[in-house]
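Notes follow the structure.
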Amino acid sequence: MYSFGYVAVVGKTNAGKSSLVNALVGEKIAIVTKRPQTTRDNILGILNGGNYQVVLVDTPGVHHTKNKLDKKMMKSVRSAISGVDLILYLADGSKELDEEEIQYYEHLPEPKLLIKTKIDKKNINDFKSDFEISSLSGAGLENLKNYIISQMPKSKVKNFAFEEDYYTDKSVKFLVAEEIRQNALNLLNDEIPHGIAVVIDKFDEKENIVIIEGTIVVEQERHKGIVIGKGGNVLKKIGQESRKFAEELLGNKVLLKLFVKVDKDWRNKDKSLKDFGY
Ligand SMILES: Nc1nc2c(ncn2[C@@H]2O[C@H](COP(=O)(O)OP(=O)(O)OP(=O)(O)O)[C@@H](O)[C@H]2O)c(=O)[nH]1
Ligand SMILES: [Mg+2]
């Protein structure tokens, strides 16, 4: 018998959703930062095991909406939840499970599991959960993975949705753009919160080198200088880190050129959101 199904991974921002999807699949599909609202899109992570295929849907963190981008993100979460075979609701074990979260969880359709995350941390709260895991140490992952597979619909014929050598639905271009956004978020401090987007303007794969040009879009004029840094040092660092990732992903030498551009209040502009892939 073959097992195939979809699993939505939802929860508050920073709960560890992207970390879990990456850990289960064993590849870097979704970027991870310590900042809230890192993931903006539904991203598929595909678990292949010969007689099973599980499609994990990583989603943006559930939060109160302030702009059009936030609204789109929450729409992504709602669409991820509908029609899946299982919902994993992730709750950070180092934080209290508040009333709002409990309400949200209770309103989710069945079948669902409450997963306590980050159990490698000190002072883990003792709220009730179905599974306890740490994506960092790997604790509980094998157990959870086997349970997920056991809950997927079965069939005599192989009706997988993806080729078995795929581990995500996203293009390499998307993965590189996201890596640049991650490295920018990690290198910048709280001055620039979530208001950056990354657009790939050129992706030219030659035999011995891939030439990539990308633009980091910021919301305010004064953010531009911060992203570039003194003598261009911040932008250079973002570029170096991202190039390493791109070279590994593409198995080729990469020439990466980054630019910075201002688009005031882009998170509220329909055209900008569309242009930036949201
Ligand atoms: N100690 C510890 N930290 C973790 C673990 N899993 C995730 N983190 C950290 O928690 C932070 C958020 O992780 P993400 O995986 O980006 O969380 P997310 O739920 O995808 O966040 P959003 O995309 O913003 O909704 C990062 O700093 C991670 O390194 C874990 O198992 N243990
Ligand atoms: Mg995420």
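All ligand and atom numbering here is 1-based and tracks the order in the structure. In what follows, every heavy atom counts, from backbone to side chain, and hydrogens, waters and symmetry copies are set aside.
Numbered from 1 in the order shown, with element, the atoms of ligand 1 that lie under 4.0 Å from a heavy atom of Ser19 read 6 (N), 7 (C), 13 (O), 14 (P), 15 (O). Remark: ligand 1 atoms within the under-4.0 Å shell around heavy atoms of Gly61 are 25 (O). Of all the atoms in ligand 1, the ones that sit under 4.0 Å from a non-hydrogen atom of Lys121 are 1 (N). Heavy-atom contacts of Thr13 reach the following atoms of ligand 1: 22 (P), 24 (O), 25 (O) (cutoff under 4.0 Å).
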- request: Take His223 and Gln220 through the test side chain to side chain contact (heavy atoms under 4.5 Å, CB included) and record every step on the way to the result.
  value: CA-CA 5 Å; His223 288 167; Gln220 292 178 38; 3.9 Å; yes

- prompt: Where do Asp70 and Lys72 land on the salt bridge (charged side-chain N to carboxylate O under 4.0 Å, His left out) test, with the steps shown first?
  reply: CA-CA 5 Å; Asp70 288 342; Lys72 285 196 174 221; over 6 Å; no

field: Met73 vs Gln37, side chain to side chain contact (heavy atoms under 4.5 Å, CB included): CA-CA, chis, key distance, verdict
entry: CA-CA 9 Å; Met73 284 159 68; Gln37 291 152 46; 4.2 Å; yes

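The 12-atom threshold is exceeded at CG of Asn159, counting heavy atoms of other residues, nucleotides or ligands nearer than 6.0 Å. In this structure, Glu207 places its CD atom where only 12 or fewer heavy-atom neighbours from other residues, nucleotides or ligands lie under 6.0 Å away. Surrounding CG of Asp201 are more than 12 heavy atoms belonging to other residues, nucleotides or ligands, all under 6.0 Å away.
Between Tyr2 and Phe160, the ring-plane angle classifies as perpendicular under the 30° and 60° cut-offs.
Taking the six-membered ring for Trp, Tyr52 and Phe4 have ring centres at least 6.0 Å apart.
Below 3.5 Å of separation, one finds an N or O of Ala15 facing an N or O of ligand 1. Taking only nitrogen or oxygen atoms, main chain and side chain alike, Ser18 reaches within less than 3.5 Å of ligand 1.
Contacts of Asp120 with ligand 1, taken as heavy-atom pairs under 4.0 Å, involve the side chain alone. Contacts between Pro36 and ligand 1 below 4.0 angstrom, taking non-hydrogen atoms only, involve the backbone exclusively.
Heavy-atom distances between Thr33 and ligand 1 reach below 4.0 Å in at least one pair. Proximity of Gly11 to ligand 1 is not established, as no heavy-atom distance is less than 4.0 Å.
Using a 4.0 Å cut-off between charged nitrogen and carboxylate oxygen, Asp270 and Lys68 count as a salt-bridge pair.
Nearest-heavy-atom check against atom 5 (C) of ligand 1 across Arg40, Met73, Gln37, Lys118 picks out Lys118.
Protein N, O or S atom count below 2.8 Å of the Mg ion (ligand 2): the structure gives 2.
Geometrically, Lys116 engages Phe127 in a cation-pi contact defined by less than 6.0 Å to the ring centre and at most 45° from the axis.
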Donor-acceptor contacts, no H, no angles, side chain residues 235-249, under 3.5 Å, sequence neighbours left out:
unit_1 : atom_1 : unit_2 : atom_2 : d
Ser242 : OG     : Asn183 : ND2    : 3.0
Ser242 : OG     : Ile238 : O      : 2.6
Glu247 : OE2    : Val254 : N      : 2.8

